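What follows is a set of notes on a single structure, which appears directly below.
Predicted model, so just to flag it, every value in this text is computed and none were measured.
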Amino acid sequence: MKRLQISELVRWLNKANRKPLLVWGARQIGKSYLVKDLFAEEYFPNSHIYIDFRLEAKIRDFCMKTVNPAEIMEFISIEKNKKITEDTLLIFDEIQECPSIITSLKYFCQDFRKQPVIATGSMVRIKIKRITHKRGSESKEEFLFPVGKIDQLNMHPMTFDEFLINYNEPLYNKIVEAYRNRRPIDGEGRGNTYHLLAMEALHKYLMIGSMPEAIQTYIDTESFFESREVLKNLYDNYLSDMELYQASPESIVRTKKIFSNIYSELNKENKNFKSSLIEEKSKTRDMKTPIDWLTMAGIVHQSFELKEKVTAPLICPNESNFRLYLCDTGMFIYQSGINASTFLSKEGRNTLSGIFFENYIANEMTARGLKLFYWKGKNSAELEFFIEYNGNAIAVDVKKGRKGLKSLEKYRNLNKKHLAVKISENNYGYDSEQKLLTLPLYEAFLFFDDAANETLGDFE
């Protein structure tokens with residue numbers, strides 16, 4: 001499958017001051033596939049060496065004893081019976097199983113700058129935290145994170161545009177063309193044919209989810225049942241992973257409960273996280289370590305509350321008020337218990353809660369490096385997301401259908417009138433007088449790309 005972040009790897013490869021690259025990300029999101037099967041096969045077809053530290057015990061054990069790049073490369077060259085030159089890409093995968101290789105990246109940068117090196121891992125941040133905070137352990141002094149000596153890439157599950165590129169690229173091109181031309185996808189007065197097709201694709205994506213294996217299974221089989229079976233296994237694997245790298249059985253139990261109750265927490269009138277739903281008589285501070293684990297692992301995204309007047313830079317006045325979103329829409333729907341067929345019929349979709357779209361938008365924003373904030377005013381007024389752009393705060397209102405803009409009006413009574421965005425099932429529209437951009441749910445990724453790349457242009 002095509003992955004958009006291949007372009008970031010190419011950009012890294014061509015950098016004049018290139019450093020070893022560390023690729024972060026949650027489990028099962030395609031890090032190894034991106035680096036090994038797409039990037040290495042294309043740009044280093046006969047000159048790359050792949051090391052999986054979970055499987056290759058000899059190399060792992062050797063690398064645990066030294067951080068010297070010359071010694072590491074010599075041993076790998078002999079073990080693999082392959083000469084390593086400056087044209088050989090070294091790929092170190094599952095590096096959480098060999099943390100010392102992370103330290104060695106500093107010395108690759110200092111002494112072997114021209115050697116292309118990519119390291120990938122899923123629980124790396126968690127492993128590092130455990131190593132550096134373990135009481136009474138000498139490893140606190142031994143472990144050295146290569147600050148300033150590495151390039152970094154944060155990977156995420158497949159976004160909606162990546163799904164479209166692999167599932168229906170002509171439709172993807174049609175959506176991009178419409179957005180760039182600042183017009184509805186069907187044009188003026190031509191019905192809603194393409195709009196309905198795009199919404200159909202979006203609902204499929206919400207149900208299948210963003211995990212590459214689930215998407216590939218659906219593309220290969222056109223079976224929602226088969227892709228759902230993959231999703232169930234991935235969901236169970238995520239739960240199993242929570243028994244790794246944690247300090248106490250209590251933390252494991254709480255982490256699993258938080259993960260398993262993301263839908264329940266959001267499906268309340270007040271969507272703020274409430275610790276008592278996880279554990280009776282508990283307080284939010286009791287859940288800090290499990291929540292940190294989930295966010296560091298990339299499994300959960302945290303959004304913080306803004307109050308009254310909102311100014312840039314966006315800063316949360318009270319970190320005890322927050323919401324949690326799940327990294328994968330398919331897992332979110334699976335967790336909700338709602339029958340998958342609901343997403344396949346028009347009648348069923350009419351009954352869906354707006355939180356499914358909120359969770360989708362949270363993931364699209366996070367994948368672009370946009371931090372999550374929401375606003376709560378008086379009398380249940382709220383806006384789901386905010387974007388900081390050119391010193392201003394852009395309100396993002398996510399609605400299921402044609403609901404009004406009362407919350408936006410209340411927000412603007414307290415704040416300056418900057419651009420606001422309404423994302424819903426409605427078609428494209430822009431009111432320059434009201435500074436209100438209406439986007440269909442399937443075009444959100446394009447707006448977030450522009451916001452992240454600071455290319456909003458005439459929307460400013």
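Contact between Ala201 and Phe163 at its shortest, heavy atoms only, is O-CE2, 3.6 Å. When all heavy atoms of Asn272 and Tyr374 are compared, the pair lying nearest together is OD1-OH, 2.7 Å. When all heavy atoms of Phe259 and Ile262 are compared, the closest pair comes out as O-CG1, 3.4 Å. Of all heavy-atom pairs between Phe108 and Pro69, the closest is N-CG, 3.5 Å. Heavy atoms only, all atoms of each residue included: Cys98 and Cys63 are closest at SG-CB, 3.7 Å. Taking all atoms of both residues into account, the shortest heavy-atom contact from Glu454 to Tyr389 is C-OH, 3.1 Å.
Using a 4.5 Å heavy-atom cutoff, the side chains of Glu364 and Asp161 are in contact. For the pair Tyr325 and Glu358, the minimum side-chain heavy-atom distance is below 4.5 Å. At a threshold of 4.5 Å between non-hydrogen side-chain atoms, the residues Tyr107 and Pro146 do not count as touching. Taking the side chain as every heavy atom from C-beta outward, Asp397 and Glu384 approach each other to under 4.5 Å. Using a 4.5 Å cut-off on side-chain heavy atoms (C-beta onward), Ile291 and Phe322 make contact. No side-chain heavy atom of Val230 sits under 4.5 Å from any side-chain heavy atom of Gln216. Side-chain contact between Phe357 and Ile423 is absent, with no heavy atoms from C-beta onward closer than 4.5 Å. Contact of the Leu234 side chain with the Tyr334 side chain is not registered, since no non-hydrogen atoms from C-beta on lie closer than 4.5 Å.
Not a single donor-acceptor pair under 3.5 Å links the side chain of Asn363 to the backbone N or O of Thr159. Side-chain N or O atoms of Ser47 include one that pairs as donor or acceptor with a backbone N or O of Asp87 at under 3.5 Å. In this structure a side-chain-to-backbone donor-acceptor pair under 3.5 Å is missing from Gln152 to Leu21. Between the side chain of Thr342 and the backbone N or O of Asn339 there is at least one donor-acceptor pair closer than 3.5 Å. With hydrogens and angles disregarded, a donor-acceptor distance shorter than 3.5 Å links the side chain of Glu388 to the backbone of Leu314. Without hydrogens or angle criteria, Ser77 side chain to Glu74 main chain gives no donor-acceptor distance under 3.5 Å.
Within 6.0 Å of atom CG in Asp220, more than 12 heavy atoms from other residues, nucleotides or ligands are found, so the atom counts as buried in its surroundings. Under a cut-off of 6.0 angstrom, the local environment of NZ in Lys15 is crowded, with over 12 non-hydrogen atoms contributed by other residues, nucleotides or ligands. Annotation: Asn17, atom CG; neighbour count of heavy atoms from other residues, nucleotides and ligands within 6.0 Å is above 12. Around atom OH of Tyr194, no more than 12 heavy atoms belonging to other residues, nucleotides or ligands sit under 6.0 Å away. Remark: Lys268 NZ is packed, more than 12 non-hydrogen atoms of other residues, nucleotides or ligands lying under 6.0 Å away.
At a threshold of 4.0 Å, the pair Arg3-Glu162 counts as salt-bridged, since one of the basic side-chain nitrogens sits closer than that to a carboxylate oxygen. By the 4.0 Å N-to-carboxylate-O rule, Lys65 lies too far from Asp61 to be salt-bridged with it. Ion pairing between Arg180 and Glu177 fails under the 4.0 Å rule for side-chain N and carboxylate O. For the pair Asp93 and Lys36, the salt-bridge criterion is not met [side-chain N within less than 4.0 Å of a carboxylate O]. At a threshold of 4.0 Å, the pair Arg368-Asp449 counts as salt-bridged, since one of the basic side-chain nitrogens sits closer than that to a carboxylate oxygen.
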Under the salt bridge (Lys or Arg N to Asp or Glu O under 4.0 Å) criterion, do Asp292 and Lys288 qualify, and how do the steps go?
CA-CA 6 Å; Asp292 284 348; Lys288 186 179 186 310; 2.8 Å; yes
Run Trp12 and Leu153 through side chain to side chain contact (heavy atoms under 4.5 Å, CB included) and show every step you take.
CA-CA 10 Å; Trp12 165 79; Leu153 172 63; over 6 Å; no
Applying side chain to side chain contact (heavy atoms under 4.5 Å, CB included), run through Ile258 and Glu265 and close with a yes or a no.
CA-CA 9 Å; Ile258 292 169; Glu265 289 277 1; over 6 Å; no
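Taken from CD1 in Ile91 to CD1 in Ile51, the straight-line distance is 9.5 Å, to the nearest 0.5 Å. Lys58 contributes atom NZ, which lies 5.0 Å from atom CD of Glu79 (distance to the nearest 0.5 angstrom). Annotation: the span from Leu197 atom CG to Leu202 atom CG amounts to 12.5 Å, rounded to 0.5 Å. Going from atom CG of Asn68 over to atom OG1 of Thr103 covers 13.0 Å, rounded to the nearest 0.5 Å. Leu266 CG to Asn261 CG: the interatomic distance, rounded to the nearest 0.5 Å, is 11.0 Å. Here Asn154 contributes atom CG and Leu22 contributes atom CG; the two are 9.0 Å apart, rounded to the nearest 0.5 Å.
Remark: of the listed residues Lys256, Arg254, Lys274, Arg254 is the sole one forming a salt bridge (Lys or Arg N to Asp or Glu O under 4.0 Å) with Glu279.
Aromatic rings from Phe160 and Tyr442 are positioned such that their centres are separated by 6.0 Å or more.
Relative ring orientation between Phe304 and Phe373 is described as tilted, the plane-to-plane angle lying within the 30° to 60° band. In this pair, Tyr218 and Tyr167 present their aromatic rings tilted. The plane angle is within the 30 to 60° band.
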